[in-house]
There are 2 protein chains.
Amino acid sequence: MSNRVTLKDIAREAGVHVSTVSRALDPNSNISLTNEVSSRVRKAAKKLGYRPNRLAAGLRTNRSMSIGVMIPDIANTMFPPIVRGIESVLEPLGYATIVVNTDNDPDREHRLTEVLRERGVDGIINVAAMRSDPGLSNVVDQGTPVVTLNRRLDQSPIPYVVSDEKSGINLILKHLFELGHRSVGHIAGPKEFSTGNARAMAYKEACEQLGLAESSTVISYAKSFDETEGQRCVLELLQNCPTITAIVCANDRLAFGAYLGLQAEGLSIPEDVSVTGFNDMPMLDLVRPKMTTIRVQKFEAGRASAELLLKSIRGDNHGAVGTVLPVELKVRDSTSEPRETPD
Amino acid sequence: MSNRVTLKDIAREAGVHVSTVSRALDPNSNISLTNEVSSRVRKAAKKLGYRPNRLAAGLRTNRSMSIGVMIPDIANTMFPPIVRGIESVLEPLGYATIVVNTDNDPDREHRLTEVLRERGVDGIINVAAMRSDPGLSNVVDQGTPVVTLNRRLDQSPIPYVVSDEKSGINLILKHLFELGHRSVGHIAGPKEFSTGNARAMAYKEACEQLGLAESSTVISYAKSFDETEGQRCVLELLQNCPTITAIVCANDRLAFGAYLGLQAEGLSIPEDVSVTGFNDMPMLDLVRPKMTTIRVQKFEAGRASAELLLKSIRGDNHGAVGTVLPVELKVRDSTSEPRETPD
DNA sequence: GTAAGCTACGCAATCGTTTGCATGATAGAG
DNA sequence: CTCTATCATGCAAACGATTGCGTAGCTTAC
C-alpha cells in the first residue's frame with residue numbers, strides 16, 4: 001500500500017548503512033561524516049522523496065515533537081488568536097499542535113489530558129482557565145511539562161502567562177471615575193475561573209481606592225461567561241441598585257448581554273448607562289455602540305506560553321516563571337459622562 | 001524520567017506474556033482468552049495506570065489514529081464550528097485531529113501536507129477551498145485518504161462535502177425579486193475559490209431566470225473574502241450602476257464591507273440599498289442592521305466530512321461520493337422593499 | 001617501524017506494540 | 001485409550017528511526 005521511503009531505502013540507494021543515513025540527515029549530529037558520503041546520502045534522500053517517520057523517531061527518542069493545547073472552546077473567538085500565537089512559535093520548529101476542546105468540563109479535561117499523554121505530547125499548554133485543577137500537577141509530576149495560560153495555580157511551580165487583570169480593571173474604573181461616574185456596578189464572572197475571580201477582586205479594590213465604597217458591593221455574579229448571564233445580571237443590578245450609571249463587566253460577552261438587557265429595559269447606552277467589557281474579542285467591532293473595553297494580548301499570550309513551554313521542555317526553566325502581559329484601555333462609544341453629573 | 005507503564009510491566013505484574021496482555025486489552029481481538037487471564041490482565045493494567053503508547057502502536061500497525069484538518073485560518077469564525085463538527089465524530093473513536101492553518105497560501109498548504117504525512121495521519125480533511133490543487137491527488141495516490149470540504153475537484157474521485165450554493169443564491173434573488181427589486185448587483189468572491197465561483201455562476205443564472213438580464217452583468221469581483229474588498233467593490237458597483245437597489249454579496253464579510261461602504265456614502269440599509277450575505281457566520285447577530293443571509297451548515301459539514309473520511313479510511317467508499325448540504329434563507333433586517341417601487 | 005590516536009563508518013540493540021506462527025494442554029471422537 | 005481438533009498462550013519478528021559501541025583504516029609521533 002504505502003510505498004513509503006525509509007532510511008533503509010536510502011541506505012540501499014547510497015550504498016551505506018542505515019545508521020550513516022540517519023546521521024547524514026540529522027542536521028545537528030555531532031558525528032563526523034565525509035562530505036562525499038553525506039552529500040551522496042542527501043542526494044539519494046531527495047531523489048527518493050524521503051519523509052522521515054516521526055512516529056518511529058518519537059518512539060526511539062521519546063520526543064514526539066507534538067504538543068497539546070487545551071482550550072475551552074475553539075468557537076469562542078477569544079481562543080483562535082491564542083492558538084495561532086502558539087503555532088507561530090512551535091510550527092517553525094517542527095512541532096505539531098493538537099488542540100482539544102474541554103467545554104469547561106473537568107471530566108472531559110481529565111480525559112483529554114490522558115488522550116494527549118497517550119500520544120506522547122512533549123508538553124501541554126492549558127488555556128482552560130479553571131482555578132482549581134487537581135491532576136494538573138500530576139501530569140507535570142509524570143514528566144509532561146505544562147504551561148497555563150490565563151490561569152495561575154497558587155503555590156505551583158507551573159509556569160504561567162496571564163494578563164494584567166488588575167491594571168485593566170483599574171484603567172476601566174479610573175476612566176469611568178474621570179467621566180464623573182460615582183455609582184457603579186460590576187457583573188463578575190464565575191469565581192471558579194481565575195479571570196472572573198481576579199477581576200472581581202480588582203474591582204472591589206479599585207472602588208475603595210477611588211472612594212466608591214458603595215459601588216464596591218454592587219456586584220452580580222454570572223454563572224458563566226456568556227450573553228444570557230450578562231442579561232440576567234444586568235437586570236439584577238438595576239433592581240438592587242437603580243442609581244448606577246455605569247456597569248463594569250468581567251468580559252465582553254457579559255457586556256454584550258448587558259447591552260441586550262438594557263435595551264430591553266428601554267435604556268440607552270451610554271446615555272443612560274455606560275457599559276464596559278474586557279478582552280477586546282475579535283469581531284467586537286461589529287457591535288453598536290462600539291464597546292469600551294480592555295484589550296488583552298491574545299496572539300502574544302500564545303507566543304509567550306509556547307516560549308515558556310519550550311524552556312520547560314529543554315529543562316532550562318530556572319524555577320517557576322510567570323509572564324504578566326500588559327493590557328490597554330480602548331475607549332470607544334459605550335461610555336460617556338453620566339446623564340446627571342452628581343451634585 | 002518518564003516511568004511510563006508499558007505492556008511489559010503489566011505482563012510481569014499479571015504473570016503472562018506481553019502478547020497476551022496486548023490481546024487482553026484489545027477490545028476487538030478475535031483471539032480467545034480465558035476470562036480469568038483476561039480479567040487478571042485488565043486488573044493489573046488498571047492498577048498500574050496503564051496508558052497505551054499510540055506512537056508505538058501506530059508504528060506497528062501503520063495507523064496513527066490521527067487525522068489532519070487543513071483550514072485557511074482558524075481565526076475566521078466560519079471554521080471553528082466545522083472543526084468541532086469533525087471532532088464530534090472523530091474524537092469519540094479515538095482519533096486525534098491536527099489542525100493546520102494554510103492562510104490560503106499554496107506553498108504553505110503543500111508544506112503542511114508534508115508535515116501531516118510525516119506524522120502518519122490516517123487521512124486529511126481539506127477545508128482550504130482553492131479550486132485548483134495540484135498535489136492533492138498525489139497525496140491520495142500515495143495512500144492518504146482525503147476529503148475536501150467547501151470544495152469540489154472536477155473529475156476527481158476525492159469525496160467532498162459542499163453546501164448547495166446554487167439554491168442559496170436562488171433563494172436570495174427570489175427573496176429580493178419578491179420584495180420588488182429589479183436592479184440588483186453582485187459582489188463576487190475570488191474566482192480561485194470554488195465558493196466564490198459557484199455563487200457568481202449561480203447569480204448570473206438566477207438573474208436570467210428571473211428576467212433580470214441587466215443585473216446579471218452588474219458584478220464586481222473581490223480579490224479576497226474580506227471587509228476591505230467588500231467596501232471597495234460596493235463603491236465600484238455604485239459607480240458603474242447607480243440605479244441598483246440591492247446587492248447580493250458572496251459572503252457575510254463582503255456584505256459587512258458593503259455596509260461600511262454604503263454608510264460612508266451616507267446611504268442607509270435597507271432603505272436605500274438592501275444587502276445580503278452568505279454563510280451566516282457566528283457572531284453575525286452582532287451587526288446592525290441584522291443581516292439577511294443564507295445559513296449554511298457548518299458543524300454538520302464537519303460531521304459529514306469526517307464520516308466520509310472514515311469510509312475512505314476503512315476502504316468502503318464505493319467510488320466517489322459527495323454530500324451536498326441544504327441551505328436556508330434567513331431573512332433579517334438588511335433587506336426590504338426598494339424605496340421606489342418600479343413603475 | 002610501531003604504538004597511539006583519530007576518523008568515518010557499520011553493527012546491533014532499543015523504543016512499545018502488534019500479530020503470524022509455534023506449542024503445550026485440553027477435550028472430544030472413535 | 002489413542003488420535004486429532006481446538007483452545008489458550010508464548011515466542012519472536014516486525015514497524016522505522018536513533019545511538020552507544022566497536023573497528024578498520026589512516027595519520028601522526030617518537
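Remember, it's a predicted structure, so these values are computed and weren't measured experimentally. In what follows, every chain begins at residue 1, and chains take the letters A, B, ... in the order their sequences are listed.
In this structure, A:E13 does not pair ionically with A:K8, as no charged nitrogen and carboxylate oxygen lie closer than 4.0 Å. A salt bridge is absent between B:R63 and B:D122: the closest approach of a Lys/Arg side-chain nitrogen to an acidic carboxylate oxygen does not fall below 4.0 angstrom. Under a 4.0 Å N-O distance rule, the pair A:K311/A:E307 does not qualify as a salt bridge. A:R4 and A:D9 are not joined by a salt bridge, as no carboxylate oxygen comes within less than 4.0 angstrom of a charged side-chain nitrogen. For the pair A:R119 and A:E114, the salt-bridge criterion is not met [side-chain N within less than 4.0 Å of a carboxylate O]. Salt bridge A:R111/A:D105: absent, no basic N to carboxylate O contact under 4.0 Å.
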Inset, instruction - For each nucleotide in nucleotides 16-27 of chain D, reading 5' to 3', give B when a protein heavy atom comes within less than 4.0 Å of its base, S when such contact involves only the sugar-phosphate, and - otherwise. - result: BBBBB-------

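Taking the salt bridge (Lys or Arg N to Asp or Glu O under 4.0 Å) definition, one finds that A:E118 meets it with B:R51, B:R54, sequence neighbours left out. Among residues two or more places apart in sequence or in another chain, the side chain to side chain donor-acceptor pair (under 3.5 Å) test is passed with A:T102 by none. Taking the ring-ring contact (aromatic ring centres under 6.0 Å, His included) definition, one finds that B:Y95 meets it with nothing, sequence neighbours left out.
Along DNA chain C, the stretch of nucleotides lying under 4.0 Å from any heavy atom of chain A spans, 5' to 3', C:dA8 to C:dG16.
Not a single donor-acceptor pair under 3.5 Å links the side chain of B:S38 to the backbone N or O of B:L33.
Rotation axes derived from the C1' atoms of the five outermost pairs at either end of the helix from C:dG1-D:dC30 to C:dG30-D:dC1 lie 50° apart, to the nearest 10°.
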